[in-house]
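In the text below, chain A, chain B and the rest are named by the order of the sequence lines, each starting its count at 1.
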There are 4 protein chains.
Amino acid sequence: MDTRKKLINSAKRLFSKKGYYETKVSDIVADAGLSQGTFYIYFKSKEDIFKELVKDMSEKIIRLLKEYASKEDDIETIIKNATLDFFRIMYEEKPIAYIFMFQLIGINEEFRKLYFDKNRRVRELLNNIVKKGIEKGNFSYKNAENIVNILMGYVRIVYLEYLLKDKASLDEILNMVNEGIDVILKGVKT
Amino acid sequence: MDTRKKLINSAKRLFSKKGYYETKVSDIVADAGLSQGTFYIYFKSKEDIFKELVKDMSEKIIRLLKEYASKEDDIETIIKNATLDFFRIMYEEKPIAYIFMFQLIGINEEFRKLYFDKNRRVRELLNNIVKKGIEKGNFSYKNAENIVNILMGYVRIVYLEYLLKDKASLDEILNMVNEGIDVILKGVKT
Amino acid sequence: MDTRKKLINSAKRLFSKKGYYETKVSDIVADAGLSQGTFYIYFKSKEDIFKELVKDMSEKIIRLLKEYASKEDDIETIIKNATLDFFRIMYEEKPIAYIFMFQLIGINEEFRKLYFDKNRRVRELLNNIVKKGIEKGNFSYKNAENIVNILMGYVRIVYLEYLLKDKASLDEILNMVNEGIDVILKGVKT
Amino acid sequence: MDTRKKLINSAKRLFSKKGYYETKVSDIVADAGLSQGTFYIYFKSKEDIFKELVKDMSEKIIRLLKEYASKEDDIETIIKNATLDFFRIMYEEKPIAYIFMFQLIGINEEFRKLYFDKNRRVRELLNNIVKKGIEKGNFSYKNAENIVNILMGYVRIVYLEYLLKDKASLDEILNMVNEGIDVILKGVKT
DNA sequence: AATGAATGAGGCTTCATTCAT
DNA sequence: GATGAATGAAGCCTCATTCAT
């Protein structure tokens, strides 16, 4: 594996485990089996590699949502499938997802802004999907933004309480999410 | 106002604005108009004052939920009123709520554990309330834990996207939350 | 002696002996018998303390020249006395004078600019003195700027080759300078 | 142009512009369009290439002075012509002359010694020329060393204030120097 | 000869904490 | 109780130099 990749992987694991400030550059290079200096060949600074992780993650999520947004299926199916797929990605990318969803917001002012920036795109895409559902007359509750709130809030908390903690297998989690989304959609429809 | 209170207030504002690590003890004392040494008369360490803030907040929330848990009203009314009251507290204690809900989880390993610790109590109390609803036959969806997920996730995200950002007045937010809880409860009942 | 003064004195000696880059902050504090951290209570950075030394020196020189510029003596006497006094100051402040006259120019781009900045004032003041001599008809060579060149060049080199090296006693140097200035002034007059 | 020459040229420009310490080996190779490793094929170290520049310059000056020292012209003519030729060389080799005359002295202890070493030869040669003038009875001021001080000081400062700064054309500078040397020699003679 | 990735020593700076007054 | 100067450990980053290809 190439050096840069090694650093990215170590950074991912460590940032996610110990947080941004408690992860030292020296930890990352030690974990990657490299020397301090090597880090700075590939990344300008500790901030730099962190932002790269965040960028990778948000791009992955946005790509997923875009794909689903363009599908012509029934809206409820789209929402459900997108959510389940989303959890699959989260599962594969557990550390980085944690960084993205739970560390970024709290680190400092600059990173909080970055979080809201990246997050806006995600909300927009989800909003468009939900709006389509409203336009098609599927939903009786018409406030798309608030529906997005319920959906995204639910997803976030399930990630935090189940996926991150390895409290349940991916399948068990997907089952639970399946039910959860059903409940939410039922509420929205009636 | 006494010295200790001054320090607490400054810490609250600063931790919430800049995060735990970007808030220096020197910032706190400067903001409070005191000297470095004074800080250590009242608090053992920076960690110490931070934990005190977290403790205060979680106690406030738990007190609120306990109160509602013991009420004999209709469950849906309890949930709705508790949630709205919760937002009123969040509104008053915006900085500390932010610290509790969004910074604590991401800071480091120790604080993440602390978060889950404090949070467990909250979830338990909410769980008990929801269970009562299920037992009384109000809810057709029987998975209390998952209902709590939906409710708590929703509350968290509304705090983050609206209350924290001053995107809307308290009343507007309460109206939106009112609708949101309705939608969720509808889904749970049918 | 107070801490700040101790740091200034150590810095003066060390910068002058070893140059800007070879003088480490750790050298300065070790020499002053203090800890690393203490340095940063009194100075923002290594650059900061260095600039302070330069500022002190240039102010001292300018003050001297201003004083002589306002005297109503015979111009030749003013030039001679100012020069001799100048050497007395250089003698007392040997390290810092060396820094000012010979290190500053060569360190880096920023410091070179600083040097020319500080130096301009010195040249202006000397120029005014010389111009008065020309106006009074004392000098047959009328190019004040070029006369300043000869005088300042001479002073610089005597400092470098005699004073800095402890090659001769102050008195011997002053005698030599006395003669040197005489020779220059003779050339200017005839 | 061969690789070694490329490195020398880049080093010359960069050392002169940014100073010894602010010029990184990476800057030099980047400027020369080569890789880091290549540098060490041609030079043992950064110090090594710097010393080579200094050596080249001092040899050039010494060669010039030797040539003039052996001439059988009238001494004043020798001094004047040597000085003017000297400025022509400085003009062609502006960067390296700057390094030699103004950076070397201030960099660190070792380089200061190197400067005085190289400089001694120059002073000796000039001294011999001036002594001849005294012996021939051309000069009434008999202190050759001090005459050398005036001449060398003047040359140094003109280089610094005019040539380095591109404040005037070579011809204008040569005219000024012509006058300056005249004034000095007049002072020496009478 | 040329490359450029890797090294690691060491410098500057920050900041939580202590302690004498 | 309050002060604030002093501490020193530790982190980030730079950069001259090496070496395998």
Side-chain angles (χ1 to χ4, degrees), chain A residues 2-4 6-7 20-30 32-50, chain B residues 2-4 6-7 20-30 32-50, chain C residues 2-4 6-7 20-30 32-50, chain D residues 2-4 6-7 20-30 32-50:
Chain A
D2 75 352
T3 308
R4 189 190 163 82
K6 274 188 210 157
L7 288 167
Y20 180 74
Y21 289 101
E22 291 295 324
T23 300
K24 315 302 176 186
V25 173
S26 57
D27 297 334
I28 298 174
V29 294
L34 295 163
S35 70
Q36 289 268 118
T38 304
F39 181 91
Y40 292 92
I41 298 173
Y42 296 93
F43 301 97
K44 262 205 332 284
S45 63
K46 181 174 148 180
E47 197 178 309
D48 189 40
I49 194 172
F50 186 81
Chain B
D2 74 353
T3 309
R4 190 190 160 81
K6 273 189 210 157
L7 287 168
Y20 180 73
Y21 289 100
E22 291 294 323
T23 300
K24 317 300 175 189
V25 173
S26 58
D27 296 334
I28 297 174
V29 295
L34 296 162
S35 69
Q36 296 263 114
T38 305
F39 181 90
Y40 290 88
I41 298 171
Y42 294 93
F43 301 96
K44 258 204 341 284
S45 63
K46 179 175 152 181
E47 199 179 308
D48 189 40
I49 194 172
F50 186 80
Chain C
D2 75 352
T3 308
R4 190 191 162 82
K6 272 188 211 158
L7 288 168
Y20 180 74
Y21 290 101
E22 290 295 324
T23 300
K24 316 300 177 188
V25 172
S26 59
D27 296 333
I28 298 175
V29 294
L34 296 163
S35 69
Q36 290 267 118
T38 305
F39 181 90
Y40 292 90
I41 299 173
Y42 295 94
F43 301 97
K44 264 205 331 285
S45 63
K46 181 174 149 182
E47 197 179 310
D48 189 39
I49 194 173
F50 186 81
Chain D
D2 75 351
T3 309
R4 192 190 159 81
K6 273 189 209 155
L7 288 167
Y20 181 73
Y21 289 101
E22 290 295 322
T23 300
K24 317 299 177 190
V25 172
S26 59
D27 296 333
I28 297 174
V29 295
L34 296 162
S35 70
Q36 296 263 114
T38 304
F39 181 90
Y40 290 88
I41 297 172
Y42 293 93
F43 301 96
K44 259 203 342 281
S45 64
K46 180 175 153 181
E47 200 178 306
D48 189 39
I49 194 173
F50 186 80

Is any side-chain nitrogen or oxygen of [X] closer than 4.0 Å to OP1 or OP2 of [N]?
X: C:K24; N: E:dG11; value: no
X: C:Y40; N: E:dT13; value: yes
X: A:T3; N: E:dA6; value: yes

>> Check this for me: does the side-chain of D:Q36 come within 3.5 Å of the base of F:dT17 through a donor and an acceptor?
In response: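 Yes, a donor-acceptor pair under 3.5 Å.
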>> Using whole Å, what does the distance between atom P of nucleotide F:dT14 and atom NZ of D:K46 come to?
In response: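 Spelled out: NZ on D:K46 to P on F:dT14 is 15 Å.
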> Relative to the 5' end of DNA chain E, which residue comes earlier, A:T38 or C:S26, by the nucleotide with the nearest heavy atom?
Replying inline: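 Here A:T38 is the residue nearer the 5' end.
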>> I want to confirm an ordering. Mapping A:F39 and C:S45 to their closest nucleotides on DNA chain E, which one lands closer to the 5' end?
In response: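 It is A:F39, whose closest nucleotide lies nearer the 5' terminus.
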>> A side-chain contact here means heavy atoms from C-beta on lying under 4.5 Å apart; do B:F39 and B:I49 qualify?
In response: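 SC-SC contact between B:F39 and B:I49 confirmed.
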> Step by step, would you call C:Y20 with C:E47 a side-chain hydrogen bond (donor to acceptor under 3.5 Å, both in side chains)?
Replying inline: CA-CA 9 Å; C:Y20 180 74; C:E47 197 179 310; 4.7 Å; no
> Side chain of C:I41: nearest nucleotide among F:dA6, E:dT7, E:dA1?
Replying inline: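 The listed nucleotide nearest to C:I41's side chain is F:dA6.
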> Between D:V29 and D:Q36, what is the shortest heavy-atom contact and its length?
Replying inline: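 In terms of heavy atoms, the two residues are closest at CG2-OE1, 3.6 Å.
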>> Considering every strand and a 4.0 Å limit on heavy-atom distances, what is the contact class for A:Y42: base, sugar-phosphate, or nothing?
In response: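 If one applies the 4.0 Å heavy-atom cut-off, A:Y42 turns out to touch the sugar-phosphate alone, with no base involved.
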>> Any base atoms under 4.0 Å from B:F43, or only sugar-phosphate, or nothing? Heavy atoms, all strands.
In response: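 Since no nucleic acid heavy atom lies under 4.0 Å of B:F43, the category is nothing.
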>> Using a 3.5 Å limit for the pairing distances, which stems of at least 3 consecutive Watson-Crick or G-U wobble pairs does DNA chain F take part in?
In response: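 Stem segments, range with range: E:2-21 with F:2-21.
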> Is a side-chain N or O of C:K24 found less than 3.5 angstrom from the main chain of C:Y21, in a donor-acceptor match?
Replying inline: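 Flag set: sc C:K24 to bb C:Y21 pair under 3.5 Å.
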